Undergrad: 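Let me give you the structure first, and then I'll get to my questions.
As the structure is a computational prediction, the values presented were derived from the model and not from experiment. Below, chain A is the first sequence line, B the second, and so on; all start at residue 1. Side chains are part of it too, since the values below use all heavy atoms of this structure and drop only hydrogens, waters and symmetry mates.
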Amino acid sequence: MQRPTSAVQREWPVTAADAVAVQEELRGLVDATDLGTTPRYVAGLDVAYEGDRLAAAVVVLDGESLAEVDRAVVRGETTFPYVPGLFAFREVPALLAGLEQLGTTPDLLVCDGQGLAHPRRFGLACHLGVLTGIPAIGAAKTTFVGSHGELARERGATAELVDDGEVVGAAVRTQDGIKPIYVSVGHRVTLPTAVAQVLRLTPHYRLPETTRLADRACREELSHE
DNA sequence: GCGACAG
DNA sequence: ATCTTGTCGC
């Protein structure tokens, strides 16, 4: 797929203050419309670290069968520290490089982190979505901002994730009796659709198959020197 | 001022 | 994220 190189080069900050300014600018580009059709190719993205080295993986699954159809794993080096709220600046460069290596263009990006459930409403999923133009959702293991009420014990149960009086995402129980995961809109998808996609991607485990495969792929890459 | 804080 | 053994439970 094509890489939005110009956007990255033009928008890449070095300081935290500049990074926040970039988020404030790009947040206005998030598209709130819904996914037009059922995604044929769904991609999972993740990054693993070992000191200053890192490996990013993008695994593409068939949205129907969840069978893997493509993958790309790239190595790189840390270029931005982990700062809560600026997480995307640490992972986006490597993830874009991974997307560029694919022989397929995903119809949906499932990110390991938040979308709108972010202090400035512009988490990793929004950032990747806006930069690529591809629909994206955030599926995080823990909350970052917001709180929610109790969820029913059954798989499929949800609760609104509310921050500062605003619904920024949903807590979703992906398996009976297990800890929920946190889903939020990234770009070109509505929350109900994001939740529905996450449930389709979690037939057996707590986390989406996309996330599990990408996590395994990037870790494996780092372990193999 | 004191914690909390996606991965 | 990553550092890290055994252990409780299905």
Undergrad: Hey, can you pull the residues of residues 173-197 of chain A with a non-hydrogen atom under 4.0 angstrom from DNA chain B?
TA: none

Undergrad: Starting at the 5' end of nucleotides 5-10 of chain C, put B wherever the base has a protein heavy atom under 4.0 Å, S where only the sugar-phosphate does, and a dash everywhere else.
TA: ------

Undergrad: Within the 4.5 Å heavy-atom criterion, are A:R173 and A:E154 side-chain neighbours or not?
TA: no

Undergrad: Counting Watson-Crick and G-U wobble pairs with both distances under 3.5 Å, what is the dot-bracket string for DNA chain B, 5' to 3', using [ ] for crossing pairs and | for pairs to another strand?
TA: .......

Undergrad: Under the criterion side chain to side chain contact (heavy atoms under 4.5 Å, CB included), I'd like the reasoning laid out for A:V145 against A:D164: C-alpha separation, chi angles, the key distance, then a yes or no.
TA: CA-CA 9 Å; A:V145 297; A:D164 196 29; over 6 Å; no

Undergrad: If you take any heavy atom closer than 4.0 Å to DNA chain C, which residues from residues 136-145 of chain A end up in contact?
TA: A:K141

Undergrad: Do the non-hydrogen side-chain atoms of A:T174 and A:L207 ever get within less than 4.5 Å of each other?
TA: no

Undergrad: For Watson-Crick and G-U wobble pairs within 3.5 Å on both distances, what is DNA chain C written in dot-bracket notation, | included for inter-strand pairing?
TA: ..........

Undergrad: Evaluate whether atom CZ of A:R155 has more than 12 neighbouring non-hydrogen atoms of other residues, nucleotides or ligands under 6.0 angstrom away.
TA: yes

Undergrad: In plain terms, say whether A:D46 and A:R219 are close enough for a salt bridge, that is, a side-chain N and a carboxylate O under 4.0 Å apart.
TA: no

Undergrad: For chain A and DNA chain B, what are the first and last nucleotides along the strand, 5' to 3', with at least one atom under 4.0 angstrom from a heavy atom of the protein chain?
TA: B:dC5 to B:dG7

Undergrad: Check whether any side-chain heavy atom of A:L95 sits under 4.5 Å from a side-chain heavy atom of A:V92, and report yes or no.
TA: no

Undergrad: Compile the donor-acceptor pairs under 3.5 Å between side chains in residues 56-68 of chain A and protein atoms, sequence neighbours left out, one pair per line.
TA:
residue	atom	partner	partner atom	Å
A:D62	OD1	A:E64	N	2.8
A:D62	OD1	A:S65	N	2.9
A:D62	OD1	A:S65	OG	3.4
A:S65	OG	A:A67	N	3.2
A:E68	OE1	A:R71	NH2	2.9
A:E68	OE2	A:R71	NE	2.6
A:E68	OE2	A:R71	NH2	3.4

Undergrad: Using the side chain to side chain donor-acceptor pair (under 3.5 Å) criterion, which residues pair with A:T33? Sequence neighbours excluded.
TA: A:D31

Undergrad: Check for me, please, whether A:V69 and A:L99 land in the same ILVMFWY cluster - side-chain distances under 4.5 Å, paths through other members count.
TA: yes

Undergrad: Give, ordered by number, those residues of residues 44-55 of chain A having at least one heavy-atom distance below 4.0 Å to an atom of DNA chain C; if nothing qualifies, reply none.
TA: A:A48, A:Y49

Undergrad: Is any side-chain heavy atom of A:T211 less than 4.5 Å from a side-chain heavy atom of A:L201?
TA: no

Undergrad: Atom NE2 of A:H187 and atom CG of A:L109: how far apart are they, to the nearest 0.5 Å?
TA: 9.5 Å

Undergrad: Scan A:E166, A:E24, A:Q114 and name whichever one has a side-chain hydrogen bond (donor to acceptor under 3.5 Å, both in side chains) with A:R121.
TA: A:E166

Undergrad: Going by atom type alone, with no hydrogens or angles, which donor-acceptor pairs under 3.5 Å involve a side-chain atom of residues 135-144 of chain A and a protein atom two or more places apart or on another chain?
TA:
residue	atom	partner	partner atom	Å
A:K141	NZ	A:D112	OD1	2.9
A:K141	NZ	A:D112	OD2	3.2

Undergrad: Applying side chain to side chain donor-acceptor pair (under 3.5 Å), which residue pairs with at least one partner in residues 76-96 of chain A are found, sequence neighbours left out?
TA: A:Y49-A:E91

Undergrad: Taking only heavy atoms on the protein side, list every residue of residues 201-217 of chain A lying under 4.0 Å from any atom of DNA chain B, sorted numerically.
TA: none

Undergrad: Flag the pair A:H118 / A:C126 as yes when at least one side-chain heavy-atom distance between them is below 4.5 Å, and no otherwise.
TA: no

Undergrad: Within a 6.0 Å radius of atom CD on A:E160, are there more than 12 heavy atoms belonging to other residues, nucleotides or ligands?
TA: no

Undergrad: Can you find a pair of side-chain heavy atoms, one from A:L45 and one from A:V110, that are under 4.5 Å apart?
TA: no

Undergrad: Ring centroids only, cut at 6.0 angstrom: are A:H148 and A:Y182 within range, meaning strictly under it?
TA: yes

Undergrad: One pair to check against side chain to side chain contact (heavy atoms under 4.5 Å, CB included): A:Q23 and A:F89. What are the steps and the verdict?
TA: CA-CA 10 Å; A:Q23 293 181 325; A:F89 295 93; 3.7 Å; yes

